[in-house]
Amino acid sequence: MAEVSELIKERRSKLEWIREAGIKPYAGKFLRSHCLGEAIEVGDGVKVAGRIMALRRHGKTTFADLRDRSGQIQIYVSFDLLGEERYNLFGKMDIGDFVGVEGEVFKTKTEELTIKVEDLTILSKSLRPLPEKWHGLKDVEIRYRQRYLDLIASEEVRKTFNLRSSLIKMMRQWLDERGFLEVETPMLQPIPGGAAGKPFKTHQDALGMDLYLRIAPELYLKRLLVGGFEKVYEINRSFRNEGISTRHNPEFTMLEVYQAYADYQDMMKLVEELIIHLAQKLLGGRKFAYQGKQIDLTRPWRRLTFRQALKEMYAVDIFSEEEDTKSLAEKLRRSGVKLKGEKVTRTALIRLLEKSLSSTSPAFVIDYPAFLCPLARKKDDKTAERFELFIGGCELANAYSELNDPIEQRERFEEQKLRDEENQLTDGDESQNPPDQTGSEEKKIDEDFIRALEYGMPPAGGLGLGIDRLVMLLTDSPSIRDVILFPQLRPEKL
RNA sequence: GCCCCCAUAGCUCAGUUGGAAGAGCACCUGACUCUUAAUCAGGGUGUCCCAGGUUCGAGACCUGGUGGGGGUACCA
């Protein structure tokens, strides 16, 4: 046990006092007549419980503020009503303690609704002091590590996580109403697929096999299209073993939607309608501020092709000559864009797009170079039917018309694998990663997925939407850590 | 991985040119039977993140580390 501060010793001695008085400081069930947020009137007899948030003692009377999930109310505790013994017991209460009280509602002379305490039950004694009431908890490390304190101290934080919960609930409802079926697919996958990204590796003892935490549910959801489900969605965690930033947490929550007989244009409509619906329900309108930027969700949302976007911003025409990652990189560098590696990755392009779309309201960047989208249907030789949605400078969604040609799918996988291996080789000089640790060796083609396509998959549109990022946008949160209850941090030394 | 910034009481923070560790809230003692950031009188409760170094003297300066934040890179 770590050293105990004076403040904790003080509270422990109160705890001992209570125990010696024959009272249990940690009670069991307490049946309430009301929540604190519920309407009550003068004269009502109520039985409520909550955490003591403030204490104002004046000798033989005390006022305290009691808070529960739904609200806060003042209680009035007096020597006359409780008697010496129990009033002294109340003297051992601290801010942070949970108590149950019973009594009649009245109004003080300042017209504040207050409960006159006739009976008092200690429900839980708090041994550590809460953060200060006026300035709250600002230390971000404590806020993330000890989220419970953050939730106690900040109304804003409570609102953010309430909104997150409502948003997911509404999203489910909206999709259910449109005939989508919610499904659950494996998070432990023998071959991780469906997205870029380095997976987390784990091992199952019973089968003696390595497994990976999924980087996306995509390939399993498409198997369900093969199986005859026409509209499916999944809302759950994916995991990527990569850098952590204000927009990336190693585990994050994504919505993926697949609709048979549809394409990426339908997905654009769907995501527009869904996000507007959520914003209107949760924020009451289509216009709001995100980090000082004005966001307007009024339709139609801007659409520009990937080619246009890069032409406008960097005067580079990606399709003017032979298109591959290296030549693209050269062209961009000639236009003054700073790039580190020899090649252009999808993320580098996203970053460029994010920068230039940072102050804008929603924009769909459509028709990506096909070599960046191995799972998307080609529009023509060079482009794929794919879009990414940017709002407030953040990539929020990604969708395409799904490739359902099994032979082409295999070729695209093979091309991708080759490209990866080349990249591994060129990177090898700089990064000095031993090849067996980079994960390239583990990149396998999901043969069962191809087999499923060979049985026949209907044409379909598919969409992935980052729920954490959407919550960031709607709660004006600057970091993804502000919308994930327990973001990933290094272990604390206790 | 690299670059920059931060770490002082339970919380929020100040700490000058290197010269006796501070404030508000919280807490403790006492007073007080309608307060509400209660008030009044008194009390500082500390591993100044850790380990070295410079110095007569380090919270401050130097080196290394730990944790956090921001940026950047990686993210078919």
Side-chain angles (χ1 to χ4, degrees), chain A residues 2-11 13-14 53-65 72 74-81 87 94-96 106-112 114 116 126-145 149 152-153 192-199 215 240-248 250 325 338-341 343 345-351 369 371-375 395 412-424 427 430-433 438-440 443 478-479 481 487 489-493:
Chain A
E3 259 183 62
V4 181
S5 81
E6 288 302 316
L7 295 169
I8 294 175
K9 278 183 191 161
E10 201 65 52
R11 286 174 178 236
S13 77
K14 287 175 186 169
M53 297 308 295
L55 277 169
R56 295 176 290 280
R57 299 184 192 276
H58 322 78
K60 290 196 167 62
T61 63
T62 301
F63 288 93
D65 298 330
Q72 186 161 312
Q74 176 167 264
I75 62 171
Y76 172 75
V77 185
S78 81
F79 183 93
D80 290 348
L81 280 162
Y87 189 75
D94 286 302
I95 290 170
F106 75 108
K107 270 190 180 172
T108 63
K109 63 183 182 190
T110 51
E111 293 289 296
E112 177 160 351
T114 302
K116 189 179 287 182
S126 159
L127 297 179
R128 290 176 183 270
L130 293 182
E132 193 230 6
K133 59 185 164 186
W134 202 244
H135 297 92
L137 189 62
K138 290 190 178 166
D139 184 320
V140 288
E141 189 172 347
I142 300 177
R143 287 189 46 220
Y144 297 151
R145 279 193 200 286
L149 291 181
I152 292 169
K198 192 179 162 196
I215 54 176
R240 296 188 189 170
N241 198 350
E242 279 151 13
I244 296 176
S245 77
T246 50
R247 285 175 190 172
H248 300 82
T325 50
K338 284 176 200 163
L339 289 170
K340 267 201 173 174
K343 59 186 166 106
T345 61
R346 186 190 141 247
T347 352
L349 293 173
I350 288 172
R351 202 166 279 275
F371 67 86
L372 292 173
C373 327
L375 293 159
E395 181 204 1
R412 303 274 289 276
F413 275 153
E414 300 281 3
E415 280 169 27
Q416 203 62 52
K417 202 174 162 186
L418 271 178
R419 193 169 284 124
D420 286 344
E421 281 161 8
E422 276 171 26
N423 288 341
Q424 289 299 339
D427 281 358
E430 294 166 17
S431 63
Q432 298 178 339
N433 280 335
T438 56
S440 65
K443 206 157 270 165
S479 168
R481 295 184 198 89
L489 297 178
R490 280 194 175 80
E492 182 185 14
K493 281 176 284 181

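Just so we're on the same page: letters track the sequence lines, and every chain starts at 1.
- Closest contact between the side chain of Pro129(A) and the listed nucleotides rG10(B), rC34(B), rG69(B) involves rG10(B).
- Residue contacts for Leu130(A): at a heavy-atom cut-off of 4.0 Å it reaches no nucleic acid atom on any strand shown.
- In this view, His135(A) and Glu132(A) satisfy the side-chain hydrogen bond (donor to acceptor under 3.5 Å, both in side chains) rule, not counting sequence neighbours.
- Partners of Asp94(A) according to the side-chain hydrogen bond (donor to acceptor under 3.5 Å, both in side chains) rule, which considers only residues two or more places apart in sequence or in another chain, are Lys14(A), Lys125(A).
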Original post:
So what does the secondary structure string of RNA chain B come out as, 5' to 3', with Watson-Crick or wobble pairs under 3.5 angstrom, [ ] for crossing and | for pairs with another strand?
Top reply: (((((((..((((.....[..))))((((((.......))))).)...(((((..]....))))))))))))....
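- Nucleic acid contact for Arg412(A): none, since no nucleic acid atom lies under 4.0 Å from a heavy atom of the residue.
- Using a 4.5 Å heavy-atom cutoff, the side chains of Ile244(A) and Pro250(A) are in contact.
- Counting any heavy atom pair closer than 4.0 Å across all strands shown, Ser245(A) reaches no nucleic acid atom.
- Below the 3.5 angstrom threshold, one finds a donor paired with an acceptor across the side chain of Thr108(A) and the base of rU35(B).
- Rounded to the nearest Å, the gap between the P atom of rG65(B) and that of rA58(B) is 24 Å.
- Looking at heavy-atom distances under 4.0 Å, Asp139(A) makes contact with sugar-phosphate atoms alone, never a base.
- When the nucleotides rG10(B), rC34(B), rU45(B) are ranked by their closest atom to the side chain of Ser5(A), rG10(B) comes out on top.
- Heavy atoms of Tyr87(A) sit nowhere under 4.0 angstrom from any nucleic acid atom.
- Across all strands, Leu7(A) comes closer than 4.0 Å to base atoms (heavy-atom distances).
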Identify the pairs formed between an N or O of the protein and an N or O of nucleotides 28-30 of chain B at a distance under 3.5 Å, and give each distance.
| residue | atom | partner | partner atom | Å |
| --- | --- | --- | --- | --- |
| rC28(B) | OP1 | Lys14(A) | NZ | 2.5 |

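- Checking side-chain atoms of Arg240(A) against main-chain N and O of Ile215(A) turns up a donor-acceptor pair under 3.5 Å.
- For Lys116(A), the side chain to side chain contact (heavy atoms under 4.5 Å, CB included) criterion is met by Tyr76(A), Leu81(A), Phe106(A), not counting sequence neighbours.
- The nearest heavy atom of RNA chain B to Leu375(A) and to Ile142(A) marks one nucleotide each, and the one closer to the 5' end goes with Ile142(A).
- Under the side-chain hydrogen bond (donor to acceptor under 3.5 Å, both in side chains) criterion, Ser245(A) pairs with His248(A), sequence neighbours left out.
- Arg56(A) has a side-chain polar atom (N or O) that falls below the 4.0 Å cut-off from OP1 or OP2 of rA38(B).
- Looking at heavy-atom distances under 4.0 Å, Arg490(A) makes contact with sugar-phosphate atoms alone, never a base.
- A salt bridge is defined here as a Lys NZ or Arg NE, NH1 or NH2 lying under 4.0 Å from an Asp or Glu carboxylate O, and Lys417(A) with Glu414(A) fails to meet this definition.
- With sequence neighbours excluded, the residues forming a side chain to side chain contact (heavy atoms under 4.5 Å, CB included) with Thr62(A) are Leu55(A), Arg57(A), Val77(A), Tyr87(A), Phe90(A), listed by chain and number.
- Between rU16(B) and rC74(B), the two P atoms lie 42 Å apart (nearest whole Å).
- Residue Tyr76(A) has its side chain nearest to rU33(B) when only rU35(B), rG69(B), rU33(B) are considered.
- The side-chain hydrogen bond (donor to acceptor under 3.5 Å, both in side chains) test applied to Glu141(A) returns Arg145(A), not counting sequence neighbours.
- With sequence neighbours left out, the salt bridge (Lys or Arg N to Asp or Glu O under 4.0 Å) criterion links Arg412(A) to Glu408(A).
- Judged as a side chain to side chain contact (heavy atoms under 4.5 Å, CB included), and not counting sequence neighbours, the contacts of Leu7(A) are Ser5(A), Pro129(A).
- In this structure, Lys109(A) reaches the bases: a heavy-atom distance under 4.0 Å links it to at least one base atom across the strands shown.
- Across all strands, Glu112(A) comes closer than 4.0 Å to base atoms (heavy-atom distances).
- The side chain to side chain contact (heavy atoms under 4.5 Å, CB included) search around Ser126(A) returns Arg11(A), Asp97(A), not counting sequence neighbours.
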**OP:** Determine, step by step, whether Thr108(A) and Gln74(A) satisfy the side chain to side chain contact (heavy atoms under 4.5 Å, CB included) criterion, reporting the C-alpha distance in whole Å, the side-chain angles of both residues, the deciding distance to 0.1 Å, and the verdict.
**Re:** CA-CA 10 Å; Thr108(A) 63; Gln74(A) 176 167 264; 3.7 Å; yes
Find every protein N or O atom lying less than 3.5 Å from an N or O atom of nucleotides 23-25 of chain B, and list the pairs.
| residue | atom | partner | partner atom | Å |
| --- | --- | --- | --- | --- |
| rC25(B) | O2' | Glu132(A) | OE2 | 3.3 |

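- rC49(B) and rU72(B) are spaced 26 Å apart, taking the C1' atom of each and rounding to whole Å.
- Side-chain nitrogen and oxygen atoms of Thr246(A) include at least one within less than 4.0 Å of the OP1 or OP2 phosphate oxygen of rG71(B).
- When each of Arg11(A) and Glu242(A) is assigned the nucleotide of RNA chain B bearing its nearest heavy atom, the one mapping closer to the 5' terminus is Arg11(A).
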